[in-house]
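A short write-up of the structure that comes next.
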Amino acid sequence: MPNARNLEFVKDLEVKFRSTRTVFVTDYRGLKVSDLANLRRQLRELGVDFRVAKNTLALIAADRSGLTGLGALLKGPTAIAFASGDVSATAKALGDYARVSRIFTVKGGALGSQILSAEDVVEVAKLPAKKQLQADLVGVVQGPAAGLIGVLNGALSSMVHALDERAKQLEPAA
């Protein structure tokens with residue numbers, strides 16, 4: 001018989017799975033509480049909710065939210081990072097922490113309905129940040145527009161200069 005606390009936890013996780021498009025599943029085995037608190041603090045700055053969860057409860061919540069396939073990742077001590085901000089920045093932060101601690105590991109995750117392996121998470125971490133992609137897009141759109149404005153401006157300047165010279169020729173010689 002499930003207890004009220006577990007039911008509430010599953011309901012809370014289900015809401016998180018539904019509202020967050022990206023999750024990363026990690027193994028925190030061997031980390032001290034203070035290390036886990038430091039990691040939570042780093043992730044909170046990126047808009048990430050990092051929660052330790054029982055595998056069976058996390059699997060129930062994921063299935064209820066429509067996210068299937070996480071069962072293979074939910075083995076051993078599990079903490080889930082719910083990334084609501086920049087996905088690549090979250091993956092980079094988790095990867096960096098895993099490299100530094102050498103105990104913490106990223107098992108995989110989910111991006112939308114796509115299940116990610118640990119290698120996929122490494123590839124996501126290599127992607128540019130969201131702000132960088134936005135800046136690149138603005139540059140790509142703005143470049144041709146600026147070139148067109150330059151060409152039109154040059155044509156108008158040439159026409160004005162030619163008309164000015166013709167006006168000078170037509171002035172009576174005084």
Between F82 and F17, ring centroids under 6.0 Å
yes
Are V48 and L116 connected in the hydrophobic side-chain network, where two residues link if heavy atoms are under 4.5 Å apart?
yes
Is the side chain of N55 donor-acceptor paired with the backbone N or O of G76 at a distance under 3.5 Å, no angle test?
yes
Is V23 linked to L73 within one hydrophobic cluster, defined over Ile, Leu, Val, Met, Phe, Trp and Tyr using a side-chain heavy-atom separation of less than 4.5 Å?
yes
How far does CG of L36 sit from CZ of R40, to the nearest 0.5 angstrom?
5.0 Å
Beyond-backbone contact of K11 with L7, side-chain heavy atoms, under 4.5 angstrom:
no
Are R5 and E8 close enough for a salt bridge, meaning some N to O gap below 4.0 Å?
no
Could you tell me which non-hydrogen atom of F9 sits nearest to which non-hydrogen atom of V52, and how far apart they are?
CZ-O, 3.7 Å
Could you state whether V122 and L127 fall into the same hydrophobic cluster, counting links through intermediate Ile, Leu, Val, Met, Phe, Trp or Tyr residues with side-chain heavy atoms under 4.5 angstrom apart?
no
Do you know the tightest heavy-atom contact between G112 and L67?
O-CD1, 3.6 Å
Gap separating the CZ atom of F50 from the CZ atom of F24, nearest 0.5 angstrom
12.0 Å
So OG1 of T68 and CD1 of I115: to nearest 0.5 Å the spacing works out to 6.5 Å
Salt bridge (charged side-chain N to carboxylate O under 4.0 Å, His left out) for E123 and K126? Distances and angles first, verdict last.
CA-CA 5 Å; E123 292 300 317; K126 291 178 183 176; 3.3 Å; yes
With a 3.5 Å cut-off and no angle check, do the side chains of Q132 and D136 form a donor-acceptor pair?
yes
Student check: side-chain heavy atoms of H161 and E165 closer than 4.5 Å
yes
Answer yes or no: is there a side-chain heavy-atom contact under 4.5 Å between T26 and Y97?
no
Note, S117 side chain near D120 side chain (heavy atom, < 4.5 Å):
yes
Could you give the distance from CG (L148) to CG (N153), rounded to the nearest 0.5 Å?
11.0 Å
For the atom pair NZ (K16) and CG (D49), what is the distance rounded to the nearest 0.5 Å?
4.0 Å
Looking at every heavy atom in both A58 and A53, which two are closest together, and how far apart are they?
CB-CB, 4.2 Å
S84 to G47 - nearest heavy-atom pair and separation
OG-O, 2.7 Å
Test your reading of the model: is there a side-chain donor-acceptor pair from R51 to the backbone of I80, 3.5 Å cut-off?
no
Using modelled atom types and a 3.5 Å cut-off, is there a donor and acceptor pairing between side-chain atoms of R18 and backbone atoms of R64?
yes
Using a 6.0 Å cut-off, check whether atom CD of Q142 has over 12 heavy atoms from anything other than its own residue.
no
Would you tell me whether T78 and K107 have side-chain atoms, one donor and one acceptor, within less than 3.5 Å of each other?
yes
Same apolar cluster: V87 and L39, side chain cutoff 4.5 Å
yes
Is there a path of hydrophobic side-chain contacts, each under 4.5 Å between heavy atoms, that joins F104 and V25?
no
Audit row: L94, L43, side chain to side chain contact (heavy atoms under 4.5 Å, CB included) steps and yes/no:
CA-CA 8 Å; L94 291 170; L43 293 174; 3.9 Å; yes
With side chains defined as the heavy atoms from C-beta onward, is the minimum distance between D86 and L46 less than 4.5 Å?
no
What one should report as the nearest heavy-atom pair of T90 and A83 is OG1-CB, 3.7 Å
Before accepting this row, confirm whether a basic side-chain N of the pair R99/D96 lies closer than 4.0 Å to the acidic partner's carboxylate O.
yes
Step by step, would you call R21 with L111 a side chain to side chain contact (heavy atoms under 4.5 Å, CB included)?
CA-CA 6 Å; R21 198 170 160 262; L111 183 59; 4.0 Å; yes
Nearest 0.5 Å please: distance from the CG atom of N38 over to the OG atom of S101.
11.5 Å
